[in-house]
Amino acid sequence: MVVKETEGVFVDILERAKALDPVNSRKWFEKLRVLHFSGGLLEIGCPDEATVQYLRQKCKSSFTRAAQQITGHLIGVQFDTDGGTARQLRTLPTTAGPLLRLHPDYTFENFVVGPSNRLVHASCVAVSQSPGSTYNPLFIYGNSGLGKTHLLHAVCCEAKVRFADAVIQLLSCEDFVNRFIRAIEEGNLTSFHNQFRTVDMLVIDDIQFLRKREQSQEEFFHTFNALYNNGKQIILSADSAPSEIPSLEERLISRFNWGLVARIDPPSYETRVAIVQKKAHLRDLDISEEVAEYVARKVQANIRELEGALTTIYALSVTSGKEITLELAQKAIKGQNESSARHISITDIIEVVTDHFGVRLSYLQSKKRSQSITLPRQICMYLARNLTRHSLEEIGGHLGGRDHTTVMHACTKIDRERRSDPQMKATLQQLSRQITESLQ
Ligand code: ADP
Ligand code: MG
């Protein structure tokens, strides 16, 4: 196939891949190019490693299907960095340290700043410009879906550009704990220490998952000290302030407060409109201001849901072949996100949960601690935290006057189970649906 022809085919493949998987398609797909196309293999060149990782994880099957549909042949697809980055990588020292898996969308450029996140954003920018010397540690916290993970990736991305030689480690708390456990099992603690105590920047997401009285918390404590004493940057995120994380030891709480603790709040209406527009642009989507405003009004609490709504609209537009109008947007997200549009009360939640588990409210409010009572009680707390705007104290108050740390603990526990246990995930989804439906 001559080059010109290949390019034309590739444009078609890209278009098809976008249509097959609108959720994961992005504007920057335009930057992809063909490295090699022969022998049934299409090698696609990407500008950097982050893009390669994204495409490998999320888009391999849609690209493969697209390539097969367009060419009518059985074609395999591979993603690789193209020449530009290969040159850039060579300038990194051979001991470049851990492979940073950054999300290509999660940059400062793609982050919309508003009153709710201005401080957090500014502190992240400052740290990325002079790691170790501004705020150390930097601790950012806020509810789920407000942009913490996005900002952590952005800091790493920026720091990597500014300090090509810096060794940066970014991982989730779960990952840290799992790697530690594996190191113990394999008798490999020294290499674990080397891996984490020698970096220039350690970034751990969702640190609320460190468990009390477990060795991993002790290990993290020593890692923290080693890095801090050497002036290395530490950045942490969590769903609440250090002192509100029930599983954290006092000595860690105090250390986390040594630097800057910054909170990220739910975005204002104007910020939400700007975010919808930014996300639409990223997906190369043309949406009117009217549609952006509609989405921002419908979805209030959580930006992940905001994106979800946009995805639903996009998907409906692709499948129906219609332009994105206000009418189409209304049709797409009708009935969705009622949770944030209407007000769910704790009583609504308690009714559905008690009904589901066949327990009485008085039991949930009692001091009983048997599993059959504790679980529904904790689920009530979790759902109340996620579906209402009530504070931890208020939620605890409704459930027998429990204090906020108990509620926090319940939320953390249920959230962890939701991630690891598909059954729990399904139960929570079903309950949330029932609660939303009960309002209609
Ligand atoms: P968290 O880690 O706090 O749960 P994430 O960082 O995963 O939240 O954010 C959820 C989604 O919302 C991501 O896709 C992220 O890009 C997006 N997001 C959050 N805040 C913003 C913002 N201010 N501007 C643009 N996108 C945002
Ligand atoms: Mg996160």
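The structure displayed is predicted, hence computed values, not measured ones. Numbering of ligands and ligand atoms starts at 1, following listing order. In what follows, every heavy atom counts, from backbone to side chain, and hydrogens, waters and symmetry copies are set aside.
Metal site remark for the Mg ion (ligand 2): S237 contributes no N, O or S atom at a distance under 2.8 Å.
Aromatic pair F192/F196: centroids less than 6.0 angstrom apart. For F10 and F63, the ring centers are positioned 6.0 Å apart or more. If you look at W258 and Y135, their ring centroids are not closer than 6.0 Å.
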Practice problem: Let me see the working for R263 and D265 under salt bridge (charged side-chain N to carboxylate O under 4.0 Å, His left out), right down to the final yes or no. | Solution: CA-CA 6 Å; R263 189 177 72 196; D265 285 315; 3.0 Å; yes
Please step through salt bridge (charged side-chain N to carboxylate O under 4.0 Å, His left out) for the pair D175 and R179, ending with a clear verdict. CA-CA 6 Å; D175 211 6; R179 289 207 217 171; 3.6 Å; yes
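In the candidate list V276, V112, L282, V112 is nearest to atom 23 (N) of ligand 1, counting heavy atoms. When the heavy atoms of H150, K148, H121 are ranked by distance to atom 16 (O) of ligand 1, first place goes to H150. The option with the heavy atom closest to atom 19 (C) of ligand 1, from among G147, P267, G114, is G147.
Side-chain atoms of I379 and L431, non-hydrogen and from C-beta on, do get closer than 4.5 Å to each other. Between Q330 and K298 the shortest side-chain heavy-atom distance does not fall below 4.5 Å.
Taking every heavy atom of E307 and a limit of under 4.0 angstrom, the matching atoms of ligand 1 come to 11 (C), 12 (O), 13 (C), 14 (O), 17 (C). Interface atoms of ligand 1 facing N117, defined by a heavy-atom separation under 4.0 Å, are 23 (N). For ligand 1, the atoms lying closer than 4.0 Å to a non-hydrogen atom of N110 are 24 (N), 25 (C). Shown in contact with G145 at under 4.0 Å from a heavy atom are these atoms of ligand 1, numbered in order with element: 1 (P), 3 (O), 4 (O), 8 (O).
A donor-acceptor pair is defined here as one N or O able to donate and one able to accept, closer than 3.5 Å; such a pair exists between the side chain of S247 and the backbone of L210. The main-chain N or O of L171 is never found under 3.5 Å from a side-chain atom of D205 such that the two would form a donor-acceptor pair.
When only non-hydrogen protein atoms are considered, atom 21 (C) of ligand 1 lies nearest to F111 CE1, 3.6 Å. For atom 7 (O) of ligand 1, the closest heavy atom belonging to the protein is R304 NH2, 3.0 Å. Counting protein heavy atoms only, atom 18 (N) of ligand 1 is closest to I303 CG2, 3.4 Å. What sits closest to atom 2 (O) of ligand 1 on the protein, heavy atoms only, is T149 OG1, 2.7 Å.
Between L146 and ligand 1, an N or O atom pair is found at a separation short of 3.5 Å.
For K279, every heavy-atom contact with ligand 1 shorter than 4.0 Å involves the side chain, none the backbone.
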